Structures are given as structure tokens and as C-alpha cells.
Amino acid sequence: MPTEIVETEFEPGLNIMGVLRADDQAGTSFININRALTTEEIYSDSIENFSPQINYAKVSSIDSGADYQFVRSEDTSDWGSYFDTTLSVGASEVYDLEISAPGFPTLTGHTIIPNKPQLVANSLLIGSDKVSFQIQHHGSAFEYKLYLFFAASVLDKVVKPTNGNIIEVEWNFPTSNGSPLYLGLTALDENLTRYGNSPISFIPNTYHPDGSTVSGGYGCFGSVAITIIGL
């Protein structure tokens, strides 16, 4: 139990989730932009201006100097998400984020794109109820999320890097799933890894550290590199 009450004051700010995707496709990176809510708003029946209008959401390439303006999705069911149809990111590239909205501090972020995850040559073995393989670890990846795709289902697994350069993976699955069709390997940058592993609590009057990886607001701006392997 805490021995003292820590006085805190709600600071209005944007609350975002921005992910740059290195997947060999332009336009798949996204930024979801909302605003931070008070405890009272979280438990209220309705929330006003949850996805506020913004002046701009800009992602800048430190390597090329190019700016990419993310605009709100035309899909009204995805009203808080912003995209740029031309942006395609690659390994080791560095990007800055800046978002301006009336009445809120300017939010900024920074990410370094991880290298695409790769299997060690000839390490993939497929059985009736198990796949095994080795991942060639690169220091730009702080965590790996793996996906095994079947005809009617998808399994996922989180793998944390070890001290060595090779990560051994053995993955059992129910035979009722059938044969796997694809293996998805995703490498997360430091920001997504830290934010995803930060403790989250919505219990009033309890303290938990802010896991945000941005400045001037809340949330995360990070990147992921994706490799899909047919089985």
C-alpha cells in the first residue's frame, strides 16, 4: 500500500498509436489519433470530441528529408485513423512524427525501422503438429511477434531476443487446425516493445508509470518489419 498520496493533475493531450510498417507495400503505415480522457470520461456513457480535428500529422524521413502528410481515413467507421498512400519504409531508416491539433500541445515521436526478420537457411521443419525454425536475430529488433496462418484460424506467439544471434523456435499446434499455410515474422522496434509491455491499469486512485514513447502527449509511435513465408 502507498504511504502517501501523490497529487496529480490531468494534463490534456493527444493520445495516439502510430505504426510504420516495413512490409514492401506503400500506404499501410497508420496513425490513430484520439485525445486523452479523464477518469470521469472513461466511465461516462458518452464522450465528446474523442477524435479531435487536427492541423496536420506529419512523418518526416531523417534520411531523405521528405515529409509525408497523413490524412484522415474516408472510412467513417475508422474515423480516428490517418494514412499516407505513398509512404513505404525500409530497414534502418529513421523517421520523426509531429502532430498539431487546436487546443493541444504539439506531439512528437521518433522511430528507427527494424531489419526484416529472416530465418536461418534450411532451419524450417514442418510436422503434422509442430513447426520449428531458427530466426537470425538482428539488434534492431527488440521483440518478435510470430503468426501461423491456417485455412480457418491464426495462432500467434511472442519471442524475446536472447543474448545470441540465433533464436530457436519450436511451435506446437492442434492437428485439427490442418496444415499451416503461412508463417508471419514481425520484428518490433524499441518503442512498440516498451509500450506493449508497459503495465496498464484503469483502476482509479492507483499509480502506474506512463509507458508513452512520445513527447507532448500520450501513446506510442513505433515501427515493425514484416516477413511472410509460404509453407
Side-chain angles (χ1 to χ4, degrees), residues 16-32 57-68 70 82-98 108-126 131-149 154-171 180-198 211-215 219-231:
I16 71 119
M17 170 56 74
V19 180
L20 302 187
R21 293 168 51 93
D23 57 3
D24 297 323
Q25 300 182 61
T28 58
S29 299
F30 67 90
I31 308 168
N32 188 270
K58 178 177 66 176
V59 171
S60 302
S61 169
I62 302 304
D63 303 278
S64 69
D67 290 335
Y68 299 88
F70 279 61
Y82 291 71
F83 301 89
D84 180 285
T85 59
T86 65
L87 176 60
S88 179
V89 302
S92 302
E93 295 176 352
V94 183
Y95 291 87
D96 284 343
L97 169 69
E98 184 174 296
T108 59
H110 179 85
T111 185
I112 303 174
I113 311 298
N115 276 30
K116 279 197 171 188
Q118 301 292 334
L119 296 185
V120 173
N122 303 316
S123 68
L124 178 62
L125 299 174
I126 306 172
V131 295
S132 63
F133 50 88
Q134 296 174 324
I135 299 174
Q136 183 71 55
H137 173 57
H138 189 273
S140 61
F142 286 76
E143 187 173 84
Y144 296 92
K145 289 190 176 181
L146 314 179
Y147 300 89
L148 203 54
F149 296 86
V154 180
L155 300 180
D156 61 89
K157 178 189 288 286
V158 175
V159 175
K160 299 184 182 298
T162 58
N163 293 328
N165 294 325
I166 304 296
I167 299 175
E168 301 273 355
V169 178
E170 287 196 1
W171 198 343
L181 304 177
Y182 301 96
L183 173 63
L185 309 175
T186 65
L188 279 62
D189 78 332
E190 182 177 10
N191 293 345
L192 286 179
T193 301
R194 192 177 81 192
Y195 188 74
N197 291 319
S198 62
S212 296
T213 69
V214 297
S215 299
C220 180
F221 176 61
S223 54
V224 58
I226 302 168
T227 300
I228 302 295
I229 299 168
L231 302 179

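Below, all heavy atoms of this structure are taken into account, side chains as well, without hydrogens, waters or symmetry copies. Note that the numbering runs from 1 along the sequence shown for the chain. Keep in mind the model is a prediction, meaning the values are calculated, not measured.
- A search for side-chain hydrogen bond (donor to acceptor under 3.5 Å, both in side chains) contacts involving D67 returns S60, not counting sequence neighbours.
- Y144 is linked by a ring-ring contact (aromatic ring centres under 6.0 Å, His included) to H137, counting only residues two or more places apart in sequence or in another chain.
- Under the 4.5 Å side-chain criterion, counting only non-hydrogen atoms from C-beta, L185 is not in contact with I226.
- Separation of atoms OH (Y182) and CZ (F149) is listed at 9.5 Å; rounding is to 0.5 Å.
- For T85 (side chain) and G27 (main-chain N/O), no donor-acceptor pair under 3.5 Å exists by modelled atom type.
- By the 6.0 Å contact criterion, CG on N197 is enclosed, its count of non-hydrogen atoms from other residues, nucleotides or ligands being greater than 12.
- With hydrogens and angles disregarded, no donor-acceptor distance shorter than 3.5 Å links the side chain of S61 to the backbone of A66.
- Checked by atom type and distance alone, the side chain of S215 never pairs as donor or acceptor with a backbone atom of T108 at under 3.5 Å.
- Within the model, atoms CD of Q118 and NZ of K116 stand 8.0 Å from one another, a figure rounded to the nearest 0.5 Å.
- For the pair D189 and I113, the minimum side-chain heavy-atom distance is 4.5 Å or more.
- With sequence neighbours excluded, no residue satisfies side-chain hydrogen bond (donor to acceptor under 3.5 Å, both in side chains) with S88.
- L20 is listed as a side-chain neighbour of F221, based on a closest heavy-atom distance under 4.5 Å.
- No side-chain heavy atom of F133 sits under 4.5 Å from any side-chain heavy atom of I229.
- Counting heavy atoms from C-beta outward, V89 and R21 have side chains that stay 4.5 Å or more apart.
- Rounding to the nearest 0.5 Å gives a distance of 14.5 Å between CG of D84 and CZ of F30.
- At a threshold of 4.5 Å between non-hydrogen side-chain atoms, the residues P180 and V131 count as touching.
- Considering NE2 of H138 and OG of S92, their distance stands at 6.0 Å, rounded to 0.5 Å.
- A heavy-atom distance below 4.5 Å is found between the side chains of L192 and C220.
- Remark: S223 OG to L188 CG distance equals 8.0 Å, nearest 0.5 Å.
- Put simply, the side chain of S198 never gets that close to the backbone of G211: no donor and acceptor are under 3.5 Å apart.
- Considering CZ of F142 and CG of N191, their distance stands at 9.0 Å, rounded to 0.5 Å.
- Counting heavy atoms from C-beta on, the side chains of D156 and K145 never come closer than 4.5 Å.
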